[in-house]
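As structure tokens, the structure follows; a few thoughts come after it.
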There are 2 protein chains.
Amino acid sequence: MDTQAAVKLLASIAQEARLEIFRLLVQAGPNGLPAGAIADTLAIPASTLSFHLKELVHAGLANQQPQGRFIYYAANYQAMNGLMAFLTENCCQGQACTPDTACCNEKEPS
Amino acid sequence: MDTQAAVKLLASIAQEARLEIFRLLVQAGPNGLPAGAIADTLAIPASTLSFHLKELVHAGLANQQPQGRFIYYAANYQAMNGLMAFLTENCCQGQACTPDTACCNEKEPS
DNA sequence: TCTATATTTCCATAAATATAGAAATGATGT
DNA sequence: ACATCATTTCTATATTTATGGAAATATAGA
């Protein structure tokens with residue numbers, strides 16, 4: 001993963017409607033949900049939802065799968081995990097990075 | 001953390017220059033770097049960098065600390081960790097979520 | 001084929017965001 | 001106080017992104 005790829009993933013969820021859609025999909029599990037159910041749950045007009053779903057799919061954070069008349073959307077957990085790994089990559093110059101070292105996992109000052 | 005707060009954090013790194021700045025800070029460790037060093041390393045004009053640093057600080061992903069004539073910027077690891085927790089919250093409706101269940105941690109199909 | 005339902009594309013408009021030069025502010029040492 | 005260096009604010013412009021109605025497309029059952 002490079003910076004541009006990560007920006008693409010981040011931008012796809014850096015928007016209120018899309019973040020809500022994505023979290024709904026994360027919570028829905030691997031089977032996902034049809035677009036209409038997402039629209040109903042989040043009260044988003046169809047064309048607006050379609051625009052946002054396309055963004056998520058293009059970024060790679062969601063997958064699309066037609067099933068009969070419905071199109072199911074599901075979160076791509078691998079892409080999400082890859083993104084999170086990228087964000088903390090080489091954290092603190094590779095120095096030990098545990099709760100004790102006040103680094104990446106630093107706790108509230110006490 | 002709510003959706004709007006998460007969007008604020010995500011938007012602050014969903015931009016190429018800012019993501020590079022943030023990762024540089026993550027890798028620099030808790031002491032951070034002065035603005036000028038960031039500008040030099042990433043070849044970003046001062047005013048542009050200042051704009052982006054303000055975004056990161058306002059979002060809460062970076063902290064600012066004056067030291068003499070320099071202003072040091074450091075990554076806020078807690079905010080980052082909080083964001084990552086939010087993104088996977090209630091994953092798969094709370095069902096078991098291990099490598100075996102083809103859920104959040106699902107592996108490549110084999 | 002006709003009808004109903006699901007979803008997407010088209011389109012125009014509105015709003016938010018990024019860029020960087022120039023000028024202003026702030027801090028330090030002399 | 002002055003000169004110098006670090007950083008920010010101001011400003012204008014360019015670019016990207018979001019919104020949702022209306023029309024188009026696709027699927028399936030009667």
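In the text below, chain A, chain B and the rest are named by the order of the sequence lines, each starting its count at 1. Below, all heavy atoms of this structure are taken into account, side chains as well, without hydrogens, waters or symmetry copies.
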For [X], report the nucleic acid contact type (base, sugar-phosphate, nothing); a contact means any heavy atom under 4.0 Å.
X: A/Y73; answer: sugar-phosphate
X: A/P66; answer: nothing
X: B/E16; answer: nothing

Under a single-linkage definition using a 4.5 Å side-chain heavy-atom cutoff for Ile, Leu, Val, Met, Phe, Trp and Tyr, are [X] and [Y] assigned to the same hydrophobic cluster?
X: A/L24; Y: B/L10; result: yes
X: B/V26; Y: B/V57; result: yes
X: A/L61; Y: A/F51; result: no

Are any side-chain N or O atoms of B/R23 and backbone N or O atoms of A/F86, one a donor and one an acceptor, separated by less than 3.5 Å?
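Flag set: sc B/R23 to bb A/F86 pair under 3.5 Å.
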
Is the backbone of B/S12 close enough, under 3.5 Å, to the side chain of B/R18 for a donor and an acceptor to pair up by distance?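 Yes.
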
Consider the side chain of [X], meaning its heavy atoms from C-beta on, and name the nucleotide among [options] that approaches it most closely.
X: A/T48; options: D/dT19, C/dT9, C/dT7; answer: D/dT19
X: B/F51; options: D/dG20, D/dT9, C/dA18; answer: C/dA18
X: A/A35; options: D/dT7, C/dT19, C/dT8; answer: C/dT8
X: B/A46; options: C/dA20, C/dA18, D/dT7; answer: D/dT7
X: A/S47; options: C/dT9, C/dA20, D/dA18; answer: C/dT9

Starting at atom [atom1] of [X], determine the distance to atom [atom2] of [N], rounded to an integer number of angstrom.
X: A/L49; N: C/dT8; atom1: CG; atom2: C1'; answer: 11 Å
X: B/F70; N: D/dC5; atom1: CZ; atom2: P; answer: 11 Å
X: A/I38; N: C/dT8; atom1: CD1; atom2: P; answer: 9 Å
X: A/Q65; N: C/dT8; atom1: CD; atom2: P; answer: 14 Å
X: B/L53; N: C/dA20; atom1: CG; atom2: C1'; answer: 15 Å
X: A/I71; N: C/dT9; atom1: CD1; atom2: P; answer: 9 Å
X: B/L56; N: D/dT8; atom1: CG; atom2: P; answer: 12 Å
X: B/L19; N: C/dA18; atom1: CG; atom2: P; answer: 13 Å

Closer than 4.0 Å, any side-chain N/O of [X] to the OP1 or OP2 of [N]?
X: A/R18; N: D/dA18; answer: yes
X: B/K54; N: D/dT7; answer: no
X: B/H52; N: C/dT19; answer: yes
X: B/Q64; N: D/dT7; answer: no
X: A/Q15; N: D/dT19; answer: yes

Next item on the list: Starting from Watson-Crick (N1-N3 plus N6-O4 or O6-N4) and G-U wobble pairs under 3.5 Å, report the runs of at least three that DNA chain D belongs to.
Entry: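 Correct response: C:1-30 with D:1-30.
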
Below 4.5 Å, heavy atoms only, C-beta onward: do [X] and [Y] meet side chain to side chain?
X: A/L83; Y: B/L87; answer: no
X: A/L49; Y: A/L53; answer: yes
X: B/M1; Y: B/L9; answer: yes

| Pair A/Q67-A/Y72, side-chain donor/acceptor within less than 3.5 Å |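 Checked: A/Q67/A/Y72 side chains show no N/O donor-acceptor pair below 3.5 Å.
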
Atom pairs under 3.5 Å, N or O on each side, protein against nucleotides 28-30 of chain C: can you list them with distances?
none

Would you check, one step at a time, whether the test side-chain contact (heavy atoms from CB on, under 4.5 Å) holds for B/Q15 with A/V7? CA-CA 6 Å; B/Q15 204 278 342; A/V7 165; 5.6 Å; no

Fill in: Residue that, paired with B/I38, satisfies side-chain contact (heavy atoms from CB on, under 4.5 Å) out of B/L42, B/D40, B/T41
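The option that passes is B/L42.
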
